[in-house]
Amino acid sequence: MNDIKEIFGSCVFSDEVMLERLPEEIYISLKTAINEHKSIDRSIADTVADAMKNWAMEKGATHFTHWFQPMTDITAEKHDSFVSTDKSGKMILEFSGKELIKGEPDASSFPSGGLRATFEARGYTAWDPSSYAFVKDDTLCIPTAFCSYGGEALDQKTPLLRSMDAINKQALRIVRLFGMNDVKHINTMVGPEQEYFLVDKDMFYKRPDLVFCGRTLIGAKPPKGQEMEDHYFGVIKPRVAAFMRDLDKKLWSLGVMAKTEHNEAAPAQHELAPIFTNTNVAADNNQLTMEIMKKTAEKHGLVCLLHEKPFAGVNGSGKHNNWSLYTDTGVNLLKPGKNASSNNLFLITLAAIIKAVDEHQDLLRISVASAGNDLRLGAAEAPPAIISMYLGDELDSLLESIIKGEHHNDINKTNMSVGTDIIPSIRRDNTDRNRTSPFAFTGNKFEFRMLGSAASISDTNTVINTIVADAFCSFSDILEKSKDFEKDVKELIKNTISKHKRIIFNGDGYSESWKKEAKARGLLNISNTAEALPLLSSMKNIALFGKYGVFNETELRCREEIRLENYCKTVHIEALTLLQMVKRDIIPAISDYTDTLCECIYNKRKASGDIDSFVEETLAKSLSVKNTELLSLASKLEEAVVDVKKIKDITDCALFYHDTVLSIMKKIRDISDKSELEVKRGYWPYPTYDDLLFKI
Ligand code: ADP
Ligand code: MG
């Protein structure tokens with residue numbers, strides 16, 4: 001594919017395009033604002049808008065939209081055409097600076113957690129010049145922040161940008177202490193690895209659970225799952241390969257640096273990893289990636305499932321959030337370098353992150369809480385709901401020596417041979433990997449693996465940035481007063497690590513014994529969303545987010561409410577879908593097959609006294625017992641979804657959905673899955689797991 005260079009970024013109003021199309025002084029003014037995170041000078045907006053419009057029209061665009069991220073984990077857009085009239089009423093094509101900078105979508109149709117009443121519909125979108133505009137589906141898309149009439153954030157981008165400002169400010173204080181006076185800005189960088197499933201489109205539409213809930217609510221396990229480990233990195237099937245090629249091209253054209261595509265552990269599961277970039281852009285790019293995945297799959301007769309647990313008993317999908325801190329001069333604060341033990345800037349950064357993660361386990365856990373992710377965390381091949389950090393043997397022994405005040409010999413990359421001369425010797429990294437850790441150090445970055453596949457990466461990174469900013473702030477408060485910097489830095493690193501070392505765990509995070517040990521260490525273990533979310537607006541968290549201007553108290557409380565509501569709605573829809581499936585399809589199917597069996601028993605008895613109908617009788621009895629149970633559980637579920645309406649408090653509601661509704665659903669599933677294995681092929685009303693996972 002020699003045309004990658006031509007394709008890449010071809011639909012993006014990128015730096016090069018700006019340089020080419022904007023007058024020099026306007027380009028410089030815009031660029032400076034972007035680099036230094038300052039507001040742009042409004043007087044340049046008209047010129048920028050006009051250049052954008054002309055460029056977009058050459059790409060075939062007829063419309064523009066403010067592209068934003070309401071609190072739904074997906075993006076929203078409202079299209080306006082470039083068509084306008086001049087003073088004499090003649091049609092002209094126009095896109096003004098005002099239209100570029102500000103939009104006014106109706107805010108009442110998006111979740112606001114009570115921030116906006118329906119009758120107070122005003123909401124604003126505001127241009128985010130730090131993320132490039134692009135053309136998608138004949139529309140010029142302008143990345144924007146979304147806020148209410150009173151200026152409260154109604155989206156996921158605004159708090160993320162605020163948290164990036166907070167960590168920039170606090171990290172700058174730290175690097176200044178190390179004499180790095182040339183640094184003007186510090187950015188958090190993220191590379192989110194995205195996991196997903198592909199299923200056949202025709203089969204997808206035959207399953208109401210996939211259509212309405214994005215996951216299967218029932219389905220017996222196939223005889224073969226992922227135990228042979230033959231899918232992970234396996235040869236990619238032609239139909240999937242064609243999808244991936246197409247996806248890459250489309251993403252490249254939108255400036256998304258899709259880099260790695262491979263099969264994941266579960267059958268029909270895959271992963272895409274982009275090259276990391278600044279967090280705000282990474283968040284926008286990840287939203288685009290999810291959208292384009294879905295659209296591209298459709299074109300290939302497939303459906304892309306982004307749900308965290310589309311199939312029970314099979315791996316779920318996550319989004320590994322690789323995170324690091326870079327100065328604008330190109331220094332990664334998380335790079336240990338050759339002499340980690342004397343790299344105090346690295347060690348203080350590491351200490352800050354250890355402190356942050358330990359002190360704010362609750363926030364990290366909350367940031368990944370959702371109905372879908374509840375089913376994934378702690379299940380097959382997914383991190384548990386307990387937050388801990390993995391540093392690897394090398395760093396671990398370094399920290400151990402720091403605590404004990406002993407000298408440490410840094411080990412650097414060594415060469416290793418694979419035992420035959422024809423294969424050149426390779427460099428071994430100084431840490432192995434631990435796939436079971438939720439928050440793992442991987443050489444020069446941290447990888448947070450708890451995030452669910454369907455979520456926006458914004459909330460999680462807002463939390464990581466803010467808690468690390470807070471740790472940096474407390475360090476700077478101490479060190480800025482220091483008279484003996486060298487000594488005090490070492491002291492601070494040592495004290496911090498000693499105090500927070502309980503959060504470090506290098507063992508098997510999937511094991512049962514870890515749960516016990518974590519409890520003994522006093523670590524939080526919050527197993528579900530209904531229990532996690534109410535902790536968001538604790539006094540500690542209100543104070544933390546307030547201090548750094550990331551969320552005010554109202555915004556935080558609203559978010560908690562929206563997410564609790566979302567949890568309740570999700571489980572409610574699942575319950576109604578399951579009821580429909582059980583009553584309309586499953587009970588009748590079992591009944592039909594039992595009927596056939598009974599007819600057979602009747603015929604055998606009629607034909608002659610001694611033809612044995614033992615098999616049919618046993619099966620018919622077993623199935624009719626199950627069907628009776630299904631019917632009774634279905635009425636229990638029906639009652640539960642009515643009862644829940646009587647509960648006023650949203651927190652209690654969420655708990656009821658978790659404790660009662662989901663547990664009845666689980667019982668139904670259990671019986672349905674057992675029945676599925678007893679009902680003759682052809683009678684079962686839905687494509688099975690075998691069909692969905694193995695027949696692409
Ligand atoms: P691994 O195999 O360790 O998961 P990869 O090199 O495949 O690592 O990277 C996984 C993701 O991490 C990619 O999206 C990559 O761009 C991103 N990444 C690599 N280095 C960094 C870094 N310093 N900061 C943030 N993300 C990074
Ligand atoms: Mg990885």
Side-chain angles (χ1 to χ4, degrees), residues 8 160 163-164 167-168 171 185-196 232-233 244 247-248 251-252 254-265 269-290 293 315 317-337 340 343 345-346 349-350 352-353 381-383 389-392 394-395 413 426-451 453 455-458 460-465 468 509:
F8 192 84
L160 178 65
S163 74
M164 289 170 70
I167 195 165
N168 167 49
H185 196 89
I186 294 177
N187 242 323
T188 52
M189 307 295 266
V190 168
E193 301 163 56
Q194 175 76 47
E195 294 178 336
Y196 60 96
Y232 190 58
F233 282 19
M244 286 179 175
L247 173 65
D248 280 344
L251 289 175
W252 289 336
L254 289 164
V256 178
M257 287 191 250
K259 169 87 177 163
T260 313
E261 304 254 21
H262 62 78
N263 285 353
E264 256 303 324
Q269 192 186 28
H270 312 279
E271 179 186 296
L272 179 146
I275 295 176
F276 68 100
T277 174
N278 113 43
T279 310
N280 178 34
V281 174
D284 284 358
N285 283 352
N286 182 252
Q287 295 295 141
L288 270 178
T289 302
M290 293 195 285
M293 275 177 170
N315 254 26
S317 297
K319 194 157 351 207
H320 294 176
N321 191 78
N322 294 273
W323 181 94
S324 67
L325 273 167
Y326 270 82
T327 67
D328 58 352
T329 52
V331 179
N332 177 1
L333 304 190
L334 276 173
K335 191 168 173 192
N343 184 347
L345 180 57
F346 165 71
T349 306
L350 184 65
I353 298 171
E381 290 279 317
M389 294 172 85
Y390 169 83
L391 301 179
E394 169 59 10
L395 269 189
K413 286 189 181 176
I426 50 177
R427 303 277 270 173
R428 186 203 324 258
D429 290 289
N430 42 10
T431 57
D432 196 359
R433 287 165 178 276
N434 179 327
R435 295 219 304 153
T436 67
S437 175
F439 208 101
F441 185 70
T442 45
N444 63 355
K445 61 187 192 296
F446 270 100
E447 182 169 339
F448 183 47
R449 304 197 178 109
M450 278 171 97
L451 190 58
S453 49
S456 152
I457 66 167
S458 297
T460 275
N461 285 292
T462 300
V463 166
I464 301 177
N465 294 346
V468 177

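One-based numbering, in listed order, for ligands and for the atoms of each.
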Response to the item:
Judged by heavy atoms only, the candidate from Glu193, Met257, Glu271 nearest atom 10 (C) of ligand 1 is Glu193
Practice prompt. Return a yes/no value for Thr442: is any of its N or O atoms, backbone included, closer than 3.5 angstrom to an N or O of ligand 1?
Written response: no
Practice prompt. Would you give the length of the straight line joining atom CG of Leu451 to atom OG1 of Thr460, rounded to the nearest 0.5 angstrom?
Written response: 4.5 Å
Practice prompt. Considering the heavy atoms of Asn332, write down every atom of ligand 1 situated less than 4.0 Å from one of them.
Written response: 23 (N)
Worksheet entry | Separation between CZ of Phe439 and CD of Glu447, rounded to the nearest 0.5 Å | 10.5 Å
Worksheet item: Any idea which atoms of ligand 1 are less than 4.0 Å away from a heavy-atom of Tyr326?
Response: 23 (N)
Worksheet item: With Asn461, which of Asn321, Thr188, Thr279 fulfils side-chain hydrogen bond (donor to acceptor under 3.5 Å, both in side chains)?
Response: Asn321
Item to complete: Show which atoms of ligand 1 fall inside a sub-4.0 Å distance from at least one heavy-atom site of Gly191.
Response: 14 (O), 26 (N)
Practice prompt. For a side-chain hydrogen bond (donor to acceptor under 3.5 Å, both in side chains) with Ser317, tell me which candidate from Glu195, Glu271, Gln269 qualifies.
Written response: Gln269
Response to the item:
The reported gap from NE2 in His320 to NZ in Lys445 (rounded to nearest 0.5 angstrom) is 11.5 Å
Practice prompt. Report yes if some N/O of Trp323 lies less than 3.5 Å from some N/O of ligand 1; otherwise report no.
Written response: no
Worksheet item: Going by the atom numbers of ligand 1, which of them fall below 4.0 Å from some non-hydrogen atom of Glu447?
Response: 4 (O)
Worksheet item: Hey, what do you get for OG (Ser453) to CE (Met290), rounding to the nearest 0.5 Å?
Response: 8.5 Å
Discussion item. If we ignore hydrogens and angles and just use 3.5 Å, is the side chain of Asn285 paired with the main-chain N or O of Val256 as donor and acceptor?
Written reply: no
Item to complete: Check if His320 has a non-hydrogen atom at a distance under 4.0 Å from any atom of ligand 1.
Response: no
Worksheet entry | Side chains of Leu395 and Phe346 in contact at under 4.5 Å (non-hydrogen atoms) | yes
Worksheet item: Among the heavy atoms of Thr260, does any lie under 4.0 Å from an atom of ligand 1?
Response: no
Practice prompt. Report yes if Ala273 has an N/O atom closer than 3.5 Å to an N/O atom of ligand 1; otherwise report no.
Written response: no
Fill in: Under 3.5 Å: N/O of Met189 near N/O of ligand 1
no
Worksheet entry | contact_flag Ile275 ligand 1 heavy-atom lt 4.0 Å | yes
